Amino acid sequence: MTEYLPSQLEPKWQAEWDKNNAYHIPDPQIPQSPDSHKYYALVMFPYPSGNLHMGHVRNYAIGDVVARFKRMQGFDVLHPIGWDSFGMPAENAAIARNVQPDEWTSQCIARMTEQLKRLGISYDWDREVTTCKEDYYKWTQWLFLKFFNKGLAYRKQATVNWCPTCQTVLANEQAKEDKCWRCGTQVDEKPLEQWFLKITQYADRLLQDIDKLSGWPESVKTMQRNWIGKSEGLEIKFKLKTPNTELIIYTTRPDTVFGVTYMVMAPEHPMVDELTRGTEFETGVKAFREKVKHETQNERAESTGKEGAFIGAYAINPANNEEIPIWISDYVLMNYGTGAVMAVPMHDERDAEFAKVHNLPVSDAPLSNEIGAELVKRGIAKWKTNFKLRDWLISRQRYWGAPIPIVYCDKCGTVPVPEKDLPVRLPKNIKFTGTGGSPIKQALDFVNTTCPKCGGPAKRETDTMDTFICSSWYFYRYCDAKNASAPFAKDKVDHWMPVDQYIGGIEHAILHLLYSRFFAKVLKDEGLISTDEPFTNLLTQGMVVKDGAKMSKSKGNVVDPDLIIEKYGADTARLFILFAAPPEKELEWSDKGVEGSYRFLNRVWRLATENIQETSDKIQENTKSQIQRSKPLERKLHQTIKAVTEDIERFSFNTAIARMMELTNYLYEIKDDVSFIHHSDFVLRHLLILLSPFAPHMTEELWQMLGNKDSIHKQPWPKFDPELVKEDEITIVIQVNGKLRDSILVSANASEEEIKQKALANEKAKAFIDGKEIVKTILVPKKLVNIVVK
RNA sequence: GCCUGGAUGGCGGAAUUGGUAGACGCAAGGGACUUAAAAUCCCUCGGUCGCAAGGCCAUGCCGGUUCGAUUCCGGCUCCAGGCACCA
């Protein structure tokens, strides 16, 4: 008997698949034949950090099972991979190791490519996409210009986290708890002119079209709806006691206006200055502002609404003409609504909390559904739709990103770089120190340029684009990855899009998925593509954790996929990761569990190899006339085919694997019976085909050993016979008052009356019925009889 | 704080639409084989009472709906993801 040696057979098959370009899917014939059926299986492309982690393995193992399964069902499957390769870590590596980000990135990509290939994922490597390469970011810039020309890209002032010591911009991640991660200095907010994309212009469409996404998890759709945060409300002008001044607030609850007992403004509201200038409250207000100035947006949103200051001004409640005090507090945000609210302690928890802490009055005035319309009639209010969604800030004061293709000219102003001049190349050989702002500013021959309009001296934009822009369109590029004259050909994208199944981490539920939906809508409006929802079905996978915590270097609980592959093989790694938990749930890593998956593959291996050696001898011992059908074996096989197929279709890979384990256990039980010996080849072929999407190397090896010349991965997915699946006898549970008392075996075609009689006559049930009155009997077909007694 | 999820044996999980709670696997204990070990194979395995038959309890906590609730509803607790410059 041959031993199962994954370290030998896996590289062999990987080399074979590589050589034959086995998973390349050619471009479609355009016009396409009517009977072609495409399937686009997409996994979220990785950031090339240099090391594949278990989260990647999980993502790509799931994607590969789906791709292989669909291929065997006869679909033309597009299953591509690429690299989301711009971003901060490369720049940090440059600072820490004195390398150039592009070198560091290509080393990481080379290493991770090797790791991916060792997993045996069926990617079409011919369509590999790398966002930091010129042939990709040229088109990212091209798309930015589309947005710019459509009026969807604009500049306005926004603040960044600024470290005064390092003299550099910090990402939120680098400014945890308001301290610079390098030097610990208190982080400031610094205003800068930055580029935005007008995603708010698409807010209503992005919201409405969520209803079309029937293949998305409800939770993700709800998160997106809440993120867009559409609310219908009223903007109401409150007259102030100060003559000729008024304060406009926004409320979704105009019916509570009789209960308003005070007002609250955001500390940075421009009217706060006007109202306090020269008063005794001026210093108090300034002190409060100083205090909240260092709070990040997150901390502002986390505010419990306990802190605030009275500004000495009063407003008049338009509903009852009462004078009410005006306060400032950090729980009111300047960038939502009008930056001021009317406070109703009776009906709002935060208002109540604030009122309690600051001893403000509470009114139990009744709600009035009519007052909103009345205020509108009086001309002091108007209906207003607000969104929580804000425009997308895409400027990054960093080197390792796609340069924003804009030139600033003293004469002509803001000038887009003409298409023929793309790409605007990132300057090379930059020094990375981590201080002094964006490294690009050092490259004077980049910064200093000529105006594309007037030819005069001009300066380039030195900000680069948010990497979320790169990842908002990569799935179109896969459809036409080598196109040198356009980001993609429309007919190719129209053939493959939308993505039939998108698989990736739940952490992308809002930003990446919302931005990609936004891009789709703009691209469709531009006539570049035909569908405005890019992802038909979405599977959000959970994280891989160990000892209850996310795997991380600092916690020292990282499991290196390479070591697992080395010891047990990729098939075991894939099988375990799919078996240990349903895909959308968190997965607890277990070294012992991996051994269990390895044992299972060994059991299949032994069953098959023993069988190959022994079957021919055994069949000769028994004459052909003795060959008989084995109904239980056929039933078990067809039940397994049915269950595995349905489980894969609903992404229940763990139970699919469990069903294959059950079949294997069953085959071991009967392996010396004549019935198995006569059917073993047939049964084993089916088991191997069912297992092939999960363990592609081992099943291919055994398939060849069984004497097949073609690849197991080109076999059609087996179909089950519904007649053979049926059981002859079914178990009926007998309950008394909903409690299990016994179970009986009845013929599958027994009548309801017959079953009822058997239940009532049941000895164990009788013991609980005797002496009591039977109120009713409930029969659930094929399941149970419940006798209700009193 | 806000939004979205989750919680089932010693552990990972199963129960697809309200109908046998614990499939499958891991760990543990016992046994077989072996000079021995590894590997493999067989048996037991939620708690509790009982010699046994069997009973009772049990799906994070409290309550409700129902003949029947892991599943539906209300109220909590704890954990996780996201919160717009990590990707």
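To find a chain, count down the sequence lines: A is the first, B the second, and so on, and within it residues start at 1. Atom set for the values below is all heavy atoms of this structure, side chains included, hydrogens, waters and symmetry mates excluded. Just so we're clear, the structure is a prediction, and the values are computed from it rather than from any experiment.
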- Heavy-atom count around A:K567 NZ within 6.0 Å, excluding the residue itself: above 12? no

- Between B:U4 and B:G74, how far is it from one P atom to the other, in whole Å? 13 Å

- For the side chain of A:Q194 and the backbone of A:A158, is there at least one donor-acceptor N/O pair under 3.5 Å apart? yes

- Item | Candidate nucleotides B:C85, B:U20, B:C24, ranked by approach to the side chain of A:A171 - the nearest | B:C85

- With sugar-phosphate meaning primed atoms plus P, OP1 and OP2, does A:L587 contact a base, only sugar-phosphate, or nothing at under 4.0 Å between heavy atoms? nothing

- Query: Using a cut-off of 4.0 Å on non-hydrogen atoms, how would the nucleic acid contact of A:W392 be classed: base, sugar-phosphate, or nothing?
  - Reply: nothing

- Query: Which part of the nucleic acid, if any, lies within reach of A:V220 when heavy atoms closer than 4.0 Å are counted: base, sugar-phosphate only, or nothing?
  - Reply: nothing

- Note on the structure: Among B:G55, B:G82, B:C24, the one nearest any side-chain atom of A:M661 is B:C24

- Can you tell which of B:A7, B:C85, B:A84 lies closest to the side chain of A:L511? B:A84

- P gap between B:U20 and B:A15, integer Å: 13 Å

- Item | Base B:C85 to side chain A:Q397, donor-acceptor N/O within 3.5 Å cut-off | yes

- Query: Would a distance-only check, ignoring hydrogens and angles, find a side-chain to backbone donor-acceptor pair under 3.5 Å from A:D84 to A:C470?
  - Reply: no

- If the P atom of B:A69 is compared with that of B:G63, how far apart are they to the nearest Å? 15 Å

- Determine the contact category for A:H512: base if any of its heavy atoms lies under 4.0 Å from a base atom, sugar-phosphate if only primed atoms, P, OP1 or OP2 are that close, otherwise nothing. nothing

- Identify, between A:S219 and A:D391, the residue whose nearest nucleotide on RNA chain B lies closer to the 5' end. A:S219

- As its Watson-Crick or G-U partner within any shown strand, both distances under 3.5 Å, B:G9 has none

- In whole angstroms, how far is the P atom of B:A87 from the CG atom of A:N51? 18 Å

- C1' gap between B:G60 and B:A80, integer Å: 15 Å

- Note on the structure: A:I744 CD1 to B:U20 C1', in whole Å, measures 13 Å

- Message: Between A:S329 (side chain only) and A:E307 (backbone N and O only), is there a donor and an acceptor less than 3.5 Å apart?
- Response: yes

- Using the P atom in both, what is the distance from B:U40 to B:C26, to the nearest Å? 10 Å

- Item | Side-chain donor/acceptor of A:N226 to base of B:C3, under 3.5 Å | no

- Task: Describe the nucleic acid contact of A:N665 in one word from base, sugar-phosphate, nothing, applying a heavy-atom distance below 4.0 Å.
- Result: sugar-phosphate

- Note on the structure: Taken to the nearest whole Å, CG/A:N786 to C1'/B:C67 is 5 Å

- Would you check, one step at a time, whether the test salt bridge (charged side-chain N to carboxylate O under 4.0 Å, His left out) holds for A:E218 with A:K221? CA-CA 5 Å; A:E218 280 307 318; A:K221 290 194 279 184; 3.1 Å; yes

- Query: Which of the following nucleotides, B:C83, B:C67, B:G25, is nearest to the side chain of A:I778?
  - Reply: B:C67

- Item | Phosphate contact (B:G54 OP1 or OP2) by A:R741 side-chain N/O below 4.0 Å | no

- Phosphate OP1/OP2 of B:A14: any A:R659 side-chain N/O under 4.0 Å: no

- Task: Kindly label the base of B:G9 as syn or anti, based on whether its glycosidic torsion lies within 90° of 0.
- Result: syn

- Task: Determine the interatomic distance between P on B:U8 and the same-named atom on B:C62; round to the nearest Å.
- Result: 16 Å

- Query: Is A:R225 touching bases, backbone alone, or none of the nucleic acid, heavy atoms closer than 4.0 Å?
  - Reply: nothing

- Message: If you compare every side-chain N and O of A:R398 against the phosphate oxygens of B:A87 (OP1, OP2), does one of them come in below 4.0 Å?
- Response: no

- Query: Among B:G25, B:A27, B:G55, which is the nearest nucleotide to the side chain of A:F768?
  - Reply: B:G55

- A:F518 CZ to B:A84 C1', in whole Å, measures 14 Å

- Query: Base, sugar-phosphate, or nothing for A:Q735, non-hydrogen atoms under 4.0 angstrom?
  - Reply: base

- Have a look at A:V733 and say if it touches a base, only the backbone sugar-phosphate, or nothing, with a 4.0 Å heavy-atom cut-off. base

- Mind checking A:A580 for me? I need base, sugar-phosphate or nothing, with any heavy atom below 4.0 Å counting as a touch. sugar-phosphate

- Item | Minimum-distance nucleotide (side-chain atoms of A:V169 versus B:C85, B:C24, B:A27) | B:C85

- Query: Does A:Q194 get its side chain close enough to the base of B:C85, under 3.5 Å, for a donor-acceptor pair?
  - Reply: yes

- With both distances kept under 3.5 Å, what pairs with B:A52, Watson-Crick or G-U wobble? none

- Query: Under 6.0 Å between ring centres, would you say that holds for A:W216 and A:Y502?
  - Reply: no

- Message: Using a heavy-atom cut-off of 4.0 Å across all strands, would you classify A:S590 as base, sugar-phosphate, or nothing?
- Response: nothing

- Message: Measure CG/A:D330 against C1'/B:G1 and give the value in whole Å, please.
- Response: 11 Å

- Task: Would you mind pulling out the nucleotide paired to B:C83, Watson-Crick or G-U wobble, both distances under 3.5 Å?
- Result: B:G1

- Task: To the nearest Å, give me how far apart NZ (A:K776) and P (B:U66) are.
- Result: 10 Å

- Which is true for A:S471 with a 4.0 Å heavy-atom rule: it touches a base, it touches only sugar-phosphate, or it touches nothing? nothing

- Message: Tell me the interatomic distance from A:L538, atom CG, to B:G81, atom C1', rounded to whole angstroms.
- Response: 14 Å

- Is there a salt bridge (charged side-chain N to carboxylate O under 4.0 Å, His left out) between A:R155 and A:E461 once you walk through the steps? CA-CA 12 Å; A:R155 273 215 320 169; A:E461 169 65 65; 3.8 Å; yes

- What does B:A32 pair with, Watson-Crick or G-U, if both distances are under 3.5 Å? B:U40

- Query: Any ion pair linking A:R396 and A:D466 (charged N to carboxylate O, less than 4.0 Å)?
  - Reply: yes

- Proximity to the side chain of A:R606 - top-ranked nucleotide from B:C83, B:A80, B:U40: B:U40

- Query: Using the P atom in both, what is the distance from B:U59 to B:G47, to the nearest Å?
  - Reply: 15 Å

- Task: For B:G75 and B:G25, measure between their C1' atoms and round to the nearest Å.
- Result: 37 Å

- Presence of A:N654 side-chain N/O under 4.0 Å of B:A14 phosphate oxygens OP1/OP2: yes

- Message: Whether the side chain of A:S395 engages the backbone of A:W195 through a donor-acceptor N/O pair (distance < 3.5 Å, no angle test) should be reported.
- Response: yes

- Phosphate-side-chain proximity, A:K739 and B:G68, N/O vs OP1/OP2 below 4.0 Å: no

- Message: Tell me if the centroids of the rings in A:Y137 and A:F86 come within less than 6.0 Å of each other.
- Response: yes

- Message: I want to check one thing: is the phosphate of B:C86, taken as OP1 and OP2, less than 4.0 Å away from some side-chain N or O of A:R396?
- Response: no

- Query: What is the pairing partner of B:G60, taking Watson-Crick or G-U wobble pairs with both distances under 3.5 Å in any strand?
  - Reply: B:C76

- Task: Using both distances under 3.5 Å as the test, list the Watson-Crick or G-U wobble partner of B:G22, or none.
- Result: none

- Just checking A:E507: base, sugar-phosphate only, or nothing, at a heavy-atom cut-off of under 4.0 Å? base

- Query: Base, sugar-phosphate, or nothing: which does A:Y668 touch, judged by heavy atoms less than 4.0 Å apart?
  - Reply: nothing

- Message: Nearest whole Å is fine: how far is B:A28 P from A:K592 NZ?
- Response: 6 Å

